[in-house]
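Here the structure comes first, spelled out in structure tokens, and everything after it is commentary.
Values in this document were obtained by computation on a predicted structure and should not be read as measured data. These numbers come from the heavy atoms of this one structure, side chains and all, not from hydrogens, waters or symmetry mates.
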Amino acid sequence: MDNPVNISGQLLEDKVENYCRENNISYQRAKPGAHAIDFIIETGNGKVFADCTNQNSVGSVEEKLPHKLWKYHNKYGYSNVCIIKGDHKISATVLMHCNEMARTKNFDLTFKSCEDFCNTLTTKTESFFG
């Protein structure tokens, strides 16, 4: 039986991929089960690295975010990353840890809903970072 958390994350990834396809946005999506960031998306301002974390209730997923950021930064050396999140409000402690990781590793970090993320991809006047 599939884990409902994995199904929820897969659905969020599918939404992002469908949006990119429908809007002719160039992207790479990680293969299921790969130890890779979910999306690398080409924009007019360069690559945007994005990972879907569709947590809609309390659980351990948010506790894994700082390690995920560290692991993927070491793999890709990105200068920016966006966490596409579900409805659950990430705790202040985890956010502080994530932001500390971004400062230490010198990358820009944002958290966006799927809708905000997709809107930002196609809005020319708004950028993801800074």
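Distance check: Ile25 CD1 to Thr43 OG1 gives 9.5 Å after rounding to the nearest 0.5 Å. Atoms CG and SG, on Asp38 and Cys82 in that order, are 11.5 Å from each other to the nearest 0.5 Å. How far CE of Met96 is from CG of Asn99: 9.5 Å, rounded to the nearest 0.5 Å. Residue Glu13 holds its CD atom at 9.0 Å from OG1 of Thr53, rounded to the nearest 0.5 Å. A distance of 14.5 Å separates NZ of Lys105 from OG of Ser79, quoted to the nearest 0.5 Å.
Panel note: side chain Tyr72, backbone His35; no donor-acceptor pair is recorded below 3.5 Å. Looking only at distances, no side-chain donor or acceptor of Tyr27 sits under 3.5 Å from a matching main-chain atom of Phe39. With hydrogens and angles ignored, the 3.5 Å screen pairs no side-chain donor or acceptor of Asp116 with any backbone N or O of Lys112.
Using a 4.5 Å heavy-atom cutoff, the side chains of Tyr19 and Arg21 are not in contact. The shortest side-chain heavy-atom distance between Ile40 and Tyr76 falls under the 4.5 Å cut-off. Side-chain contact between Leu121 and Cys20 is present, with heavy atoms from C-beta onward closer than 4.5 Å. Looking at heavy atoms from C-beta onward, Val16 lies in side-chain contact with Cys114 at the 4.5 angstrom threshold. Proximity of Thr110 to Asn80: side-chain heavy atoms (C-beta onward) are nowhere separated by under 4.5 Å. Between Val48 and Glu42 there is no side-chain heavy-atom pair separated by less than 4.5 Å.
With sequence neighbours left out, the side-chain contact (heavy atoms from CB on, under 4.5 Å) criterion links Asn24 to no other residue. Applying the salt bridge (Lys or Arg N to Asp or Glu O under 4.0 Å) rule to Arg103 yields no partners; only residues at least two apart in sequence or on another chain are considered. For Asn106, there are no side-chain contact (heavy atoms from CB on, under 4.5 Å) partners two or more places apart in sequence or in a different chain. Partners of Cys98 by side-chain contact (heavy atoms from CB on, under 4.5 Å), not counting sequence neighbours, listed by chain and number: Leu65, Pro66, Leu69, Val94, Leu109, Phe111. Not a single side-chain hydrogen bond (donor to acceptor under 3.5 Å, both in side chains) links Lys75 to another residue, sequence neighbours left out. Looking at residues two or more places apart in sequence or on another chain, you find no salt bridge (Lys or Arg N to Asp or Glu O under 4.0 Å) involving Glu100.
By the 30° and 60° cut-offs, the orientation of the rings of Phe107 relative to Tyr78 is perpendicular.
Within 6.0 Å of NZ on Lys15 lie no more than 12 heavy atoms contributed by other residues, nucleotides or ligands.
Looking at Lys64, Lys68, Arg29 one by one, the single match for salt bridge (Lys or Arg N to Asp or Glu O under 4.0 Å) with Asp51 turns out to be Lys68.
Closest of all the heavy-atom pairs between Ile84 and Leu12 is O-CD2, 3.7 Å. When every heavy atom of Leu95 is checked against every heavy atom of Ile90, the shortest pair comes out as CD1-O, 3.6 Å.
Two rings, from His73 and Trp70, have their centers 6.0 Å or more apart.
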